[in-house]
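Have a look at the structure below before the remarks.
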There are 2 protein chains.
Amino acid sequence: MKLTMQATLKKGNTDLVSETIGVITQHIRSHELTPGDKLPSELNLAKELKVSRTVVREAFRSLAAMRLINLSVGKRATVANLDHGAMSLMIEHGVLTEQISVQQIYDVRRTIEVRTVTLASLRRTDAEAVSIRKHALQMMAQIENPEKAMMHDLAFHLEIAKASKNPIFGMIVGAFQEVSRQSWFIGWRNRSAEGQREEMIQTHIDIADAIVLGDPLKASELMSAHFDNSVKVLIDAGLV
Amino acid sequence: MKLTMQATLKKGNTDLVSETIGVITQHIRSHELTPGDKLPSELNLAKELKVSRTVVREAFRSLAAMRLINLSVGKRATVANLDHGAMSLMIEHGVLTEQISVQQIYDVRRTIEVRTVTLASLRRTDAEAVSIRKHALQMMAQIENPEKAMMHDLAFHLEIAKASKNPIFGMIVGAFQEVSRQSWFIGWRNRSAEGQREEMIQTHIDIADAIVLGDPLKASELMSAHFDNSVKVLIDAGLV
DNA sequence: ACATAAAAGCTGTCTAACAGGTTTTAGCAA
DNA sequence: TTGCTAAAACCTGTTAGACAGCTTTTATGT
C-alpha cells in the first residue's frame, strides 16, 4: 500500500491520540478503504506523524474498541466489518450504571423488531425464511433445555434482522442480545404455568410462517404482541 | 476509594489489554459505580493486576473510545454518562466503507423517530414542548441561513428523542445526526422549487403542534410523512 | 521451479523517564 | 481555631528503547 498520509497533526488543544484517530479515519476515507484492507504499520504511522509508537498504538486500540478496525499480532491492522460488539458493551454499560432500564430496552427492541419483521417478510430469501422457521421449531424441540432454546430464540430474532437487508438493524438487534441474554431466563422462569412456554414459542413459529408467506402485516402484529407479552411477564416478575 | 480488585488476570489466549478491559468493567459492576465515580489510577491498577502501565492505559483508551469512561489529564478516569459519540463514529465508518447506504440510515431513523415522536407526545414536559416548537419556528426564521436552519432541525429531532424519556432513543438519534449532517444540505438544495422549503419546515411546526397538543397519532403520521418526503427528495437527487 | 531457511517486518508487553496538570498536605498567618 | 498559601504527592500524556513471539518476504540451494 502506498503511504501518503499528507494530513499532519495540528498539535492543538486536544491530545495527540485523538488527533491520530482522526488522521487514521481520514486515511480510510481518502484511500476509500473497505473491510479487509490493510492500514499502515504502527511504526510507519508514528514516523509519518512524528509521534511515538505509543500514541499510534493507543489510537489503534481506540478504533479497535469501536470495532472500526481489527488488530492481530504480527499482522497489520485491517478495516473491520460492521459489528455490534462495541454497541453491546455500550448498552451493557448503560444498564450496569443504571442509566438504562430493562423496560426501555424492550421498547427499543420492539420498535426495531416490528420493523425488521416487516421488512423481512418482504425481502427475505427463501433460504432465510427456512432458517428463521428452523430456529422457531428448534425452540419448541428444545423446550426442556432453556440454554439451547434461548440460543435459537436469539438466532431467530437476529436472522430476521439480517433478512431485513439493512445492516444497521442487524447491528442494533445484535447489540441488545448480549444484555437480553440476562433477562431471558427471568422471562422463561416466569412463564411457568402450563402451556405458557409453548404459547410463547408458538408465536415465534407463527411469525416465521407469516414471513414464509410474505405477510408483513401479520408478522408485525405477531411480533408486537410477542413484545407486549414479554414486557408483561417481566413486569409481573417485578423487574421494573 | 477502596481498591479491591480481587479479579486477577487469567493470562490465557487473549491479550492482556482485553482482559484488563474486562476487569475494569467488572470493577464498575461490582462496585456499582455510576456516572462521575472515579476509577483507580493507572499505576494502582497496573500494580494490582501485575501488568505494565502501558496495558492499563490501552485498556482505558479503549473504554474511553466507547465512551464508557472519561479521561482527562491529571485527574483519575471517571465513569461516563451515556453518549452517542462512539456510535456516531461507528455509523460514519459504516457509510465510509460502503457497508451502509444513506437510504438505510433514513429507514432506521424513520423507524426510531416515528416512535420517539409518539412517546414525546405522551410524555413531554411543558418545557420540552416549548423547546421543540421553538426549534421548528427558528428553522422558519432562519430559512435564509441553511447552516442555522440545519442546527435547529437537528436540535428539533434530538429534543423529541429526549422528550421520549428513553435515553437509548436519544443515543441512536444523536448517533445518526453526525452523518445526517452531510446529506442534509443535499436535501436542502434539492428543495429548490418555490415553497418547498417552507412546506418542509411547516411539517416540523405541525409536528411540534401535535406534540404540544399531546396527539401521538397525528404527530407520528406527520413524522412518517416527513421521512417519506425526505427520502423522495434524496432519491430524486440521485443519492441512492 | 520449488521447497526451505533466513531475514525483515510487525504487534504485544515492559521499563524508565519527564513535562505538566490536579489534588492533598503542611505550614503559616490571622 | 480557622483560613489561606505554598509545597508535596499524585496523576495523566508522551517519548525512547528493548525484547519476545508471530507473520511475511527474501534469499538460497536443490
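Reminder, nothing fancy here: chain letters follow the sequence lines and each chain counts from 1. All heavy atoms count here, side chains included; hydrogens, waters and symmetry mates do not.
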Within residues 59-73 of chain B, the residues having a heavy atom closer than 4.0 Å to DNA chain C are Val73(B)
Taking only residues two or more places apart in sequence or in another chain, which ones pass side chain to side chain contact (heavy atoms under 4.5 Å, CB included) with Val114(B)? Arg110(B), Ser220(B), Met223(B), Ser224(B)
Can you work out whether Arg53(A) or Val17(A) has the more 5'-proximal nearest nucleotide on DNA chain D? Val17(A)
Strictly below 4.0 Å: does Thr54(A) bring a side-chain N or O up to OP1 or OP2 of dT14(D)? no
By side chain to side chain contact (heavy atoms under 4.5 Å, CB included), Ala46(B) pairs with (sequence neighbours left out) Val56(B)
Side chains of Leu45(A) and Glu42(A): closer than 4.5 Å at any heavy-atom pair? no
Applying side-chain hydrogen bond (donor to acceptor under 3.5 Å, both in side chains), which residue pairs with at least one partner in residues 161-177 of chain B are found, sequence neighbours left out? Glu128(B)-Lys165(B)
Please, which pairs that meet ring-ring contact (aromatic ring centres under 6.0 Å, His included) have at least one residue in residues 152-178 of chain A, sequence neighbours excluded? His135(A)-His152(A), Phe156(A)-His204(A), His157(A)-His204(A), His157(A)-His226(A)
Under-4.0 Å side-chain N/O to phosphate OP1/OP2 contact, Arg76(B) with dT12(D): no
Residues in side chain to side chain contact (heavy atoms under 4.5 Å, CB included) with Lys75(A), at least two apart? Ser72(A)
Asp15(A) CG to dT15(D) P: how many Å, rounded? 11 Å
Quick check on dT12(D): is either OP1 or OP2 less than 4.0 Å from any side-chain nitrogen or oxygen of Arg57(B)? no
Given dC10(C), dG12(C), dT15(D), identify the nucleotide with an atom nearest to the side chain of Leu16(A). dT15(D)
Separation of dG13(D) C1' from Ile21(A) CD1 (nearest whole Å): 14 Å
